[in-house]
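Right, one structure below, let's go through it.
Atom set for the values below is all heavy atoms of this structure, side chains included, hydrogens, waters and symmetry mates excluded. From a predicted model like this one, the values you see are computed outputs, not experimental measurements. Residue numbering restarts at 1 for every chain, and letters A, B, ... go by the order of the sequence lines.
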There are 2 protein chains.
Amino acid sequence: MEITRKAGVAARSRPPLSKGRLLSAAVALADEGGVDALSMRNIAQALGVVPMALYKHVANKNELLDGMIDVLMDEIDPPAADTDWKTTVRRRVLSARGMLLRHPWAPAVIESRTKARTAPTPAVMRYLDSMIGIFRAGGFPVQLVHHALHVMGSRLLGFSQELFEDRAGTGEPDPDAMPPEEMAARYPHITELAMAVAHDPESVVGSGCDDQFEFEFALDLTLDGLERLLGRT
Amino acid sequence: MEITRKAGVAARSRPPLSKGRLLSAAVALADEGGVDALSMRNIAQALGVVPMALYKHVANKNELLDGMIDVLMDEIDPPAADTDWKTTVRRRVLSARGMLLRHPWAPAVIESRTKARTAPTPAVMRYLDSMIGIFRAGGFPVQLVHHALHVMGSRLLGFSQELFEDRAGTGEPDPDAMPPEEMAARYPHITELAMAVAHDPESVVGSGCDDQFEFEFALDLTLDGLERLLGRT
DNA sequence: CACGGTAGGTGTACGGCGTACACCCGTCAA
DNA sequence: TTGACGGGTGTACGCCGTACACCTACCGTG
């Protein structure tokens, strides 16, 4: 009559808590609360389990973060094989960017984990390797690929460190916002730019700055620069 | 005969602990141990003071981090007034990079604090404002400046997210390093590139990759791209 | 069928963190 | 003389990651 109970009284008819379920729960929690709202304790709670249970599936929190990065990297589309290097790179980077827009906490985690290890996560390594492969297949000499990686920098991974987070559109009036006249007095050029961008009839998209357009603009400029370099060798 | 004692028995003849001293101590501690080795408790200890004493000078740890960023931004050279926009930007960015090389923990702090606030720290705002001013003075239309900022991305602040930290030269053999043949099998393109770079006779500088050169290469490529854009308007 | 090993969930406990709150003592103005 | 106040102190709370011992359901083997 009783539900098949296993491992103590608290655990009744619960899916068996694999590493996959753990990572998914962690990613979900990070998606909704940012990476700061991610503790072993509340991941465990979300899974209906005691904190220490997680340690049967990951060695420690860092390993969990590494696992989460793996999950994210799997969301990036594989390279298309039937086009030139430029559009292949372009598509792939934009796919990576799409992933990162879904998981805004990812850049910080990737960065911090990369610095804490001697090398990036294996998943990131695979991504970079295949990226280099695309350049090589496109005729880039190795040295030029090397430069290309440095030129593209973090854009290779789909983010380029937007300084002003796209916080417009949430509608919440910032309590300690600076009055416009003080703003203009203190940072005249920023203000001028903000005004101009806001009134640009082309970009009536919320924040007044079409991030997607800007990203592609920058990406194309760097790719064009690389192409010119390639043509010169 | 006794040293002028003030505020309890523990505090004897100690400089009066201003916000400046607090920030300096914090920056010094971060410089030598990374930003993780930075707790209110050990900053206090370094200053010979009880942890709660710090809160008489900063509201909380975040405010302290903001203050540290201010200190760092002050290390960046002011723009030179007597040259064209390109070299002015170039010099300034390289100066910023110099600062960041002295304080490797800075990018992460700047980034995280920027995301936690609605805008970057005032000091960073001033830097950006003056940077925009340089472009404007150089003849850039506002829209083009806007694009320029996006193109340069984090490079504007002197960092561009080097993925492989320059850990060579420390000489410590990494305990869990991958054997070369496995490396080559798993990441063929990365390996090829690493080999090529390592054997480049030009760059016999330790890591085999002259970071400074790469940084300037990328910077110049982007600046050239912008220049071509400017000439087209 | 008994039995021991093992995989996986549990409970307790420790040291470190940021910081709220009450306190206390020189200094200096009135 | 007094009283406000700036600045250092001490205690305590609730988080965090995680070491360690335990307990139990299961499974392969004798």
Find the distance [X]:[atom1] to [N]:[atom2] and express it as a whole number of Å.
X	N	atom1	atom2	answer
Q45(B)	dG8(D)	CD	P	17 Å
L64(B)	dG18(C)	CG	C1'	12 Å
I43(B)	dC17(C)	CD1	C1'	12 Å
D36(A)	dC17(C)	CG	P	18 Å
L54(B)	dG10(D)	CG	C1'	15 Å
N62(A)	dG17(D)	CG	P	11 Å
R21(A)	dG8(C)	CZ	C1'	13 Å
Y55(A)	dG11(C)	OH	P	17 Å

| Counting only side-chain N and O atoms of H57(A), is one of them less than 4.0 Å from OP1 or OP2 of dA7(C)? | no
| note | Out of dT9(D), dG18(C), dG9(C), minimum distance to the side chain of V49(B) belongs to dT9(D)
| Is there a side-chain contact between Y127(B) and L157(B), using heavy atoms and a 4.5 Å cut-off? | yes
| message | With a 4.5 Å cut-off on side-chain heavy atoms, are H57(A) and R21(A) touching? | response | no
Protein N or O to nucleotides 11-16 of chain D N or O, pairs below 3.5 Å:
| residue | atom | partner | partner atom | Å |
| --- | --- | --- | --- | --- |
| dC16(D) | OP1 | S39(A) | OG | 3.0 |

| said: I want to confirm an ordering. Mapping N60(A) and K56(B) to their closest nucleotides on DNA chain D, which one lands closer to the 5' end? | reply: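 Result of the comparison: K56(B).
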| said: Just by distance, no angles: are the side chains of T191(B) and R186(B) close enough, under 3.5 Å, to form a donor-acceptor pair? | reply: no
| Sole candidate of I110(A), D66(A), V109(A), L72(A) that passes side chain to side chain contact (heavy atoms under 4.5 Å, CB included) when paired with T121(A) |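 By the side chain to side chain contact (heavy atoms under 4.5 Å, CB included) criterion, T121(A) pairs with just one of I110(A), D66(A), V109(A), L72(A): D66(A).
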| query | Can you list the residues that meet the side chain to side chain donor-acceptor pair (under 3.5 Å) rule with D31(A), with sequence neighbours excluded? | reply | H103(A), W105(A)
| said: Regarding K19(B) and E63(B), does a basic nitrogen lie under 4.0 Å from an acidic carboxylate oxygen? | reply: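 Salt bridge present between K19(B) and E63(B).
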| request: Check K61(B) against S39(B) and note the closest heavy-atom contact, atom names and distance. | output: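 The answer is NZ-CA, 4.2 Å.
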